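See below for the structure under consideration.
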Amino acid sequence: MQVRLPKNFFMGAAMSGPQTEGAYKKDHRLESFWDHWSDLSISDFYNKVGSYVGNNFYEKYEEDIKLLKSLHLDSFRTSIQWTRLMDQNQKLNPEGATFYHKVCACARDNGIELFMNLYHFDMPYYLFARGGWMNREVVEAYAVYARTAFRTFGKEIRYWFTFNEPIVEPDQEYRHGVWYPFIKDAKMGMQVQYHISLAHSLAVREFYKAKKEGYMLPDAQIGLINAFAPPYTKENPSPADLEAVRMTDGIHNRWWLDLVTSGTLPQDVLDTLEKLGLAPEMRPGDEEILKCGKTDWLGFNYYQPNRVQAPAAKTDEAGYPKFADPYIWPERKMNVYRGWEIYPKGIYDFGMKMKREYPDMKFFISENGMGVEHEDRFRDESGQIQDDYRIEFVEDHLKWVIKAVEEGANCVGYHYWGLIDNWSWANAFKNRYGFVEVDLMDNYSRKLKKSAHWIKNLIEQRDKEDM
Ligand code: IFM
């Protein structure tokens with residue numbers, strides 16, 4: 001298979017506000033969940049680098065957007081930080097708004113299509129202190145924030161997203177307890193997941209309202225982005241292995257896919273949760289809210305497949321029912337730095353699933369990338385990082401994306417994560433993902449890696465053929 005990019009296909013890159021902006025105290029920005037955790041226990045972060053730094057996008061956004069353009073990328077996703085745009089009385093913070101207006105203007109002037117996400121795991125701390133996603137008031141507060149964002153930037157941004165990877169906070173903060181506040185409570189995890197689903201739906205309702213009232217561009221679109229890790233099991237699965245697949249797929253994928261395509265949650269999953277005493281608390285009228293959750297399109301973040309098998313024990317260490325154990329595929333190839341399996345065909349399998357089961361929903365690959373530790377050792381004499389492994393990774397994935405498109409998947413683009421090395425939560429700057437290096441010892445200066453030239457040539461080649 002040769003990489004020949006489809007025509008009329010977004011080729012861009014993704015990053016996020018909390019991972020790039022830095023300037024954490026500028027514009028009267030509020031304290032975020034991450035700032036609070038960093039203050040509380042900086043040793044939880046790789047090399048004690050907390051949430052404050054980003055990659056200095058706040059100062060360098062013009063340089064970065066020009067960089068995108070110079071690499072022939074046509075689109076760029078980032079996120080508004082709730083903490084920067086709003087004050088603690090849930091009113092617009094004009095200083096924060098000015099920053100995002102400048103980013104929008106810069107993208108427009110450089111011909112870059114901005115994909116704007118509203119939430120990337122970055123809750124204002126004062127709301128987290130009130131219970132975070134466990135609290136219905138926070139769901140309401142998110143709707144106010146979304147409404148404010150749509151009405152403030154509606155004429156400047158065409159492509160909007162409510163959440164990035166809404167599965168991550170229920171998992172990391174409440175089910176697996178690996179992020180602050182380190183809770184391991186399956187029931188809370190489901191409640192948080194449910195409340196995020198309501199928050200998404202209320203935001204979509206606000207989007208269409210704002211559109212109807214003329215605040216948005218006439219062709220504005222709204223979507224949701226999730227890490228839809230395709231589920232796999234053993235070659236000759238037992239009924240119990242298949243049951244593990246059903247619930248893993250149900251909670252991680254179908255939950256969100258049903259929400260954005262039909263405004264419902266998968267009944268078989270809700271039934272199982274009910275039987276096990278894990279069902280979220282739902283209020284009268286919620287069904288109507290969820291019905292508003294249908295979107296125009298979908299972002300598919302793909303890094304790794306989810307291989308599962310029947311759990312060895314019925315309950316986990318906290319006594320909660322267990323749906324699955326990991327299954328180690330004997331042939332797996334790993335990204336050892338991140339501990340994630342590399343399986344490019346997963347991207348194609350998901351594309352085919354979308355074609356079969358959700359044929360009316362268009363989607364794009366909203367994240368795909370390779371984080372590598374100590375990239376310095378791959379520097380050549382000229383000082384450039386020779387990241388051939390990244391080129392191979394992207395090439396292998398793009399081949400499967402193209403195959404899916406050729407076989408009828410409604411996939412309209414590919415965004416690499418992340419264009420420029422950025423801060424990655426508890427891992428901080430441990431694993432570098434960028435096509436562009438950030439030198440932390442030299443005022444966050446940017447330097448192209450080998451892969452930046454490669455992607456530029458690939459897109460240039462397609463654009464030349466188009467002429
Ligand atoms: O850095 C993250 C991003 O915030 C969400 N998707 C996965 C990336 C790489 O770990």
Side-chain angles (χ1 to χ4, degrees), residues 12-22 32-35 37-38 44-47 49-51 53-55 57 76-83 115-123 161-173 176 178-180 196 223-230 252-253 256 298-306 334-343 346-347 350 363-373 375 387 389-390 393-394 397 414-438 451:
M15 300 202 289
S16 82
Q19 293 176 265
T20 59
E21 284 174 23
S32 76
F33 163 88
W34 291 95
D35 305 334
W37 181 11
S38 303
D44 292 347
F45 296 83
Y46 181 78
N47 272 351
V49 176
S51 58
V53 296
N55 63 15
F57 181 74
F76 169 49
R77 167 165 61 108
T78 186
S79 66
I80 292 176
Q81 294 195 75
W82 190 347
T83 47
F115 288 22
M116 192 56 94
N117 176 34
L118 288 175
Y119 188 86
H120 204 114
F121 325 145
D122 54 336
M123 183 169 291
F161 299 90
T162 57
F163 281 84
N164 176 74
E165 298 177 358
I167 192 68
V168 164
E169 283 189 284
D171 270 354
Q172 300 284 90
E173 292 164 23
H176 308 321
V178 291
W179 280 359
Y180 182 77
I196 292 177
L224 172 94
I225 291 171
N226 197 29
F228 294 104
H252 288 255
N253 301 327
W256 310 104
L298 187 73
F300 164 35
N301 291 356
Y302 181 67
Y303 292 90
Q304 58 169 343
N306 197 355
M334 293 295 286
N335 170 358
V336 288
Y337 313 102
R338 192 62 184 81
W340 285 350
E341 184 183 333
I342 301 179
Y343 185 64
I347 220 162
F350 180 84
F363 67 97
F364 74 110
I365 310 304
S366 38
E367 283 184 29
N368 177 235
M370 188 180 189
V372 172
E373 203 175 343
E375 280 203 306
D387 53 346
Y389 41 86
R390 180 166 291 111
F393 180 98
V394 178
H397 283 81
Y414 175 94
H415 275 190
Y416 180 76
W417 178 276
L419 172 70
I420 302 169
D421 289 342
N422 55 53
W423 183 80
S424 237
W425 319 113
N427 277 339
F429 278 94
K430 174 172 171 277
N431 298 314
R432 302 300 189 101
Y433 288 82
F435 287 145
V436 180
E437 177 194 357
V438 166
S451 57

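What you see is a predicted model, and the numbers here were worked out from it, not measured in a lab. Ligands are counted one by one from 1 in listed order, and the atoms in each one are counted from 1 as well.
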**Asked** Is any side-chain heavy atom of N47 less than 4.5 Å from a side-chain heavy atom of F429?
**Response** no
**Residues that F228 engages under ring pair (Phe, Tyr, Trp, His ring centres under 6.0 Å), provided they are two or more places apart** = F350
**Request:** State, yes or no, whether a side-chain contact exists between K430 and V49 at a heavy-atom distance under 4.5 Å.
**Result:** no
**Request:** Name the orientation class of the two ring planes belonging to H120 and W425 (parallel below 30°, tilted from 30 to 60°, perpendicular beyond 60°).
**Result:** parallel
**Prompt:** Do D44 and W37 have side chains that get closer than 4.5 Å, going by heavy atoms?
**Reply:** yes
Does ligand 1 have any N/O atom under 3.5 Å from a protein N/O, and what are those pairs and their distances?
residue, atom, partner, partner atom, Å
ligand 1, 1 (O), Q19, NE2, 2.9
ligand 1, 1 (O), S424, OG, 3.2
ligand 1, 4 (O), Q19, OE1, 2.7
ligand 1, 4 (O), H120, NE2, 2.8
ligand 1, 4 (O), W425, NE1, 2.9
ligand 1, 6 (N), E165, OE1, 3.4
ligand 1, 6 (N), E165, OE2, 2.8
ligand 1, 6 (N), E367, OE1, 2.6
ligand 1, 10 (O), Y433, OH, 3.1

**Message:** Is the shortest side-chain heavy-atom distance between D387 and R432 below 4.5 Å?
**Reply:** no
